[in-house]
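No experiment lies behind these values; they were computed from the predicted model shown. Numbering of residues begins at 1 and proceeds along the displayed sequence. The figures that follow rest on heavy atoms only: side chains count, while hydrogens, waters and symmetry mates do not.
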Amino acid sequence: MQKVTTGITLLLVIFLWGCSPSRDKTIDEIKSLEKRLFSPQVTSFDKKKADSLIGLYENFARRFPDDSLAAGYVFKAASIAMNSGDGNKALVLYDQIIEKYPQYKKAPLCVFFKGFVYENLLNDLPKAKEQYTLFISTYPDNEFVPSAQASIQNLGKTPEQLVMEFEAKKKADSTKVADSLASMKKKSGKRK
């Protein structure tokens with residue numbers, strides 16, 4: 001009886017393994033769908049194809065978690081989710097990278113993009129500030145730190161408020177330049 005059970009189990013494993021697509025076949029499917037979704041000839045965003053591609057990326061990472069492509073595929077899935085407006089899905093995927101692939105070169109950006117998602121897609125400004133602050137303190141030398149600082153500074157401001165602040169700063173800078181030039185003229189006039 002044990003030989004029969006072992007034999008059936010072995011056949012089942014072989015059958016299931018044979019039915020699941022290989023790594024290379026999965027990569028080929030991903031590349032094919034990427035081409036169809038992101039080709040220069042595509043004129044509109046296809047949400048259905050994007051969701052399918054996210055699913056392929058996730059499947060690959062689940063089946064081959066230690067593969068060198070896994071973290072990059074999860075990052076691509078998160079980016080597509082974020083850019084298609086699915087903030088909650090993007091957060092789940094960014095968290096997956098932060099937790100499972102902390103050494104991945106783009107893991108720091110995941111913290112930054114979580115702040116972006118909270119701010120721009122979910123309108124949760126306290127969470128956005130928390131993520132931006134975490135990003136700045138955890139990765140102080142990252143090239144996106146100035147962007148995170150600016151995001152914190154501008155949280156909750158309307159485009160109109162930003163334009164008004166920009167114009168006021170521009171006017172103040174112009175006044176400083178004019179004052180500086182006037183001061184230089186006075187000094188050069190006294191020397192003659």
Report summary line: Heavy-atom nearest pair, Leu53 first then Ile30, reads CD1-O, 3.9 Å

Query raised in the report: Taking all atoms of both residues into account, what is the closest heavy-atom pair of Ala71 and Tyr101, and its distance?
Result: CB-CG, 3.6 Å

Requested in this report: For Gln41 and Ser39, work out which heavy atoms get closest and say how close.
Outcome: OE1-OG, 2.7 Å

Requested in this report: List the atom of Asn142, the atom of Pro108, and the distance in Å for their closest heavy-atom pair.
Outcome: ND2-CB, 3.8 Å

Query raised in the report: With sequence neighbours left out, what residues match Tyr94 under ring-ring contact (aromatic ring centres under 6.0 Å, His included)?
Result: Phe113

Query raised in the report: In Å and rounded to the nearest 0.5 Å, what is the CG to CD1 distance from Asp95 to Ile97?
Result: 9.5 Å

Report task. Carefully, step by step, assess Tyr132 and Glu119 under the rule side-chain hydrogen bond (donor to acceptor under 3.5 Å, both in side chains). Result -> CA-CA 10 Å; Tyr132 289 137; Glu119 177 184 4; 2.6 Å; yes

Requested in this report: Sequence neighbours left out, what passes ring-ring contact (aromatic ring centres under 6.0 Å, His included) with Tyr57? Give chain and number order.
Outcome: Tyr73

Could you go through residues 75-87 and list every donor-acceptor pair under 3.5 Å that involves a side-chain atom there, pairing it with any protein atom two or more places apart or in another chain?
from: Lys76; atom 1: NZ; to: Glu34; atom 2: OE2; distance (Å): 3.2
from: Ser79; atom 1: OG; to: Phe75; atom 2: O; distance (Å): 3.1
from: Asn83; atom 1: ND2; to: Ser79; atom 2: O; distance (Å): 2.9
from: Ser84; atom 1: OG; to: Ile80; atom 2: O; distance (Å): 2.9
from: Ser84; atom 1: OG; to: Ala81; atom 2: O; distance (Å): 3.2
from: Asp86; atom 1: OD1; to: Lys89; atom 2: N; distance (Å): 3.2

Report summary line: Rounded to the nearest 0.5 angstrom, the CG-CD distance for Leu91 and Gln131 is 8.0 Å

Query raised in the report: Does a sphere of radius 6.0 Å around NZ in Lys47 hold more than 12 heavy atoms from other residues, nucleotides or ligands, not counting ones at 6.0 Å or beyond?
Result: yes

Report summary line: dist Lys35:NZ -> Lys31:NZ (nearest 0.5 Å) comes out at 8.0 Å

Report summary line: Taken in chain and number order and not counting sequence neighbours, the residues that satisfy ring-ring contact (aromatic ring centres under 6.0 Å, His included) with Phe116 are none

Report task. Identify the two heavy atoms, one from Ala90 and one from Val117, that lie closest to each other, and give their separation to 0.1 Å. Result -> CB-CG2, 4.2 Å

Query raised in the report: Between Tyr104 and Gly72, which heavy-atom pair has the shortest distance, and what is it?
Result: OH-CA, 3.4 Å

Requested in this report: Identify, with sequence neighbours excluded, every residue that meets ring-ring contact (aromatic ring centres under 6.0 Å, His included) alongside Tyr139.
Outcome: Phe135

Report task. Run the numbers on Thr26 and Asn59 for side chain to side chain contact (heavy atoms under 4.5 Å, CB included), then give the verdict. Result -> CA-CA 9 Å; Thr26 304; Asn59 258 350; 5.7 Å; no

**Report entry** Polar side-chain atom of Ser52 near backbone of Lys48 as donor-acceptor pair, under 3.5 Å
**Finding:** yes

Report summary line: Those residues at least two apart in sequence (or on a different chain) that pass salt bridge (Lys or Arg N to Asp or Glu O under 4.0 Å) with Lys157 are Glu165

Query - Hydrophobic cluster membership, Phe112 vs Leu122, 4.5 Å side-chain cutoff - result: yes

Query raised in the report: In Å and rounded to the nearest 0.5 Å, what is the CD1 to CG distance from Ile27 to Leu69?
Result: 5.0 Å

Query raised in the report: Hey, any chance Val92 and Leu56 share a hydrophobic cluster, counting ILVMFWY side chains that come within less than 4.5 Å of each other, even indirectly?
Result: no

Requested in this report: Could you go through the side chain to side chain contact (heavy atoms under 4.5 Å, CB included) check for Leu93 and Gln96 one step at a time?
Outcome: CA-CA 5 Å; Leu93 293 166; Gln96 183 179 340; 3.8 Å; yes

Report summary line: Distance col, row Leu134:CG vs Ile98:CD1, nearest 0.5 angstrom, shows 8.0 Å

Query raised in the report: About how many Å separate CG of Leu37 and OG of Ser32, when rounded to the nearest 0.5 Å?
Result: 11.0 Å

